[in-house]
Amino acid sequence: MREKSETLPKATAKRLPLYLRYLNMLNDSGVQRIKSNEFSEITQVPSATIRRDFSHLGELGRSGYGYDVPYLIEVFDRILNTEEEKRIALVGFGNLGKALKHNNFRRNANLNIVCVFDNDPAIVGKEIEGVMVYPMDRFSEIVEKEGIKVAISTVPSKYSQAAIDEIVKGGITAILNFAPDRVNVPPHVHMQYIDLTTELQTLIYFDENYSQVFPSK
C-alpha cells in the first residue's frame with residue numbers, strides 16, 4: 001500500500017472522507033464486500049473514479065471480486081488518522097460550538113480544540129464550561145501564542161465571510177466551515193464545508209435506496 005507520507009492527488013484526498021463515511025455505513029449494515037459499481041450508486045462518484053482513487057493506495061481489491069469493506073475501512077482510517085497533535089481554534093460559541101467543544105474529538109486524542117472565539121459581548125471575556133471565550137479581534141494574537149494550525153467556524157452564513165476573513169488574517173490555512181454558503185478565501189487556504197441538511201438528505205437517500213442497491217439483503 002502507498003505510504004502515508006506520499007502525496008495523493010488533491011481530488012482523491014478530498015474524496016477519502018466521503019468513501020470512509022459510506023464504508024462505515026455499509027459495515028454497520030453488515031455488508032462485508034462491495035464492487036465499484038455498487039459503491040458508485042451509493043456515493044454518486046463514477047465507478048472509474050473510485051477505481052482510480054483506490055489504485056493510488058495500492059492493490060485494495062480484485063477484479064470480479066470487489067473490495068472487502070472492513071479492510072478498506074482499516075486502510076482509510078490509517079491514512080486519515082492524524083498522528084501529530086493538531087491544535088484547533090473554534091470560532092462561534094453558540095449551541096453547535098458548545099457541542100463541538102464538549103465532544104472535542106474524543107475518538108482522536110491528537111485533535112484538540114484549545115481556544116474559543118466569539119463576538120457576543122454577553123460571553124466574550126468569560127470562562128464558560130471551562131474555557132475562556134476570546135474576542136475575534138484577538139484571534140491572530142491567540143492562535144500564534146497557542147500554536148494553532150486549524151480552525152472550525154460555526155458562525156451563521158450571514159456572518160461567515162467576516163469570520164473567515166479574520167481566521168485567514170491569523171495565518172490559518174485549514175478551515176472547517178459549518179455554514180453551507182461558500183465564502184471567498186485565497187488559493188492557499190483549504191476550506192471544507194459541513195452542511196448538516198445535505199448530510200441528513202444523504203442519510204435518508206442511503207436508507208431509502210439500500211434495498212435497491214443490495215436487493216439480496
Problem set entry | Residues that Pro135 engages under side chain to side chain contact (heavy atoms under 4.5 Å, CB included), provided they are two or more places apart | Val124, Asp137, Arg138
Exercise. Listed by chain and number, what are the side-chain hydrogen bond (donor to acceptor under 3.5 Å, both in side chains) partners of Asn37, not counting sequence neighbours?
Worked result: none
For this session: For Asp68 and Pro70, indicate whether the former's side chain and the latter's backbone hold a donor-acceptor pair under 3.5 Å.
Result: no
Exercise. Taking the side chain from Gln161 and the backbone from Lys158, do they hold a donor-acceptor pair closer than 3.5 Å?
Worked result: no
Exercise. Do Val131 and Phe93 come within less than 4.5 Å of each other through their side chains, counting heavy atoms only?
Worked result: yes
For this session: Taking Ser29 for its side chain and Val31 for its backbone only, find out whether a donor-acceptor pair lies under 3.5 Å.
Result: no
Exercise. Going by heavy atoms in the side chains, are Val45 and Arg15 under 4.5 Å from each other?
Worked result: yes
Seminar exercise, completed: Arg87 meets the salt bridge (Lys or Arg N to Asp or Glu O under 4.0 Å) criterion, sequence neighbours left out, with Glu85, Glu146
For this session: Please identify each residue that fulfils side-chain hydrogen bond (donor to acceptor under 3.5 Å, both in side chains) with Gln32, with sequence neighbours left out.
Result: none
For this session: Please check if the side chain of Asn27 supplies one atom and the backbone of Leu23 the other of a donor-acceptor pair under 3.5 Å.
Result: no
Seminar exercise, completed: Hits for side-chain hydrogen bond (donor to acceptor under 3.5 Å, both in side chains) against Ser36, two or more places apart or cross-chain, chain-then-number order -> Arg51
Exercise. Does Asn112 reach the main-chain N or O of Val114 with its side chain, forming a donor-acceptor pair under 3.5 Å?
Worked result: no
Exercise. Are the side chains of Thr12 and His56 in touch, meaning some heavy atoms are under 4.5 Å apart?
Worked result: yes
Problem set entry | Under the side-chain hydrogen bond (donor to acceptor under 3.5 Å, both in side chains) test, residues paired with Glu144 that sit two or more places apart | none
Exercise. Can we say Glu74 and Arg78 salt-bridge, meaning some charged N sits less than 4.0 Å from an Asp/Glu carboxylate O?
Worked result: yes
For this session: Report the distance from atom CG of Asp118 to atom CD1 of Ile128, rounding to the nearest 0.5 Å.
Result: 8.5 Å
Exercise. Do Tyr67 and Lys35 have side chains that get closer than 4.5 Å, going by heavy atoms?
Worked result: no
For this session: Check whether any side-chain heavy atom of Leu57 lies under 4.5 Å from a side-chain heavy atom of Ile79, and answer yes or no.
Result: yes
Problem set entry | Residue list, ring pair (Phe, Tyr, Trp, His ring centres under 6.0 Å) with Phe117, at least two apart or on another chain | Tyr134, Phe139
Identify every side-chain donor-acceptor pair in residues 167-184 under 3.5 Å, counting partners at least two apart or on other chains, and give the distances.
{"residue": "Lys169", "atom": "NZ", "partner": "Glu166", "partner atom": "OE2", "Å": "3.2"}
{"residue": "Asn177", "atom": "OD1", "partner": "Ala179", "partner atom": "N", "Å": "3.1"}
{"residue": "Asn177", "atom": "ND2", "partner": "Ser160", "partner atom": "OG", "Å": "3.3"}
{"residue": "Asp181", "atom": "OD2", "partner": "Ser157", "partner atom": "OG", "Å": "3.4"}
{"residue": "Arg182", "atom": "NH1", "partner": "Pro180", "partner atom": "O", "Å": "3.2"}

Exercise. Parallel, tilted or perpendicular: which describes the rings of Phe54 and Phe39, with under 30° parallel and over 60° perpendicular?
Worked result: tilted
Exercise. Side chain to side chain contact (heavy atoms under 4.5 Å, CB included) with Asn119: which residues, sequence neighbours excluded?
Worked result: Met136
Problem set entry | ring pair (Phe, Tyr, Trp, His ring centres under 6.0 Å) partners of residues 140-167, not counting sequence neighbours, each pair once | none
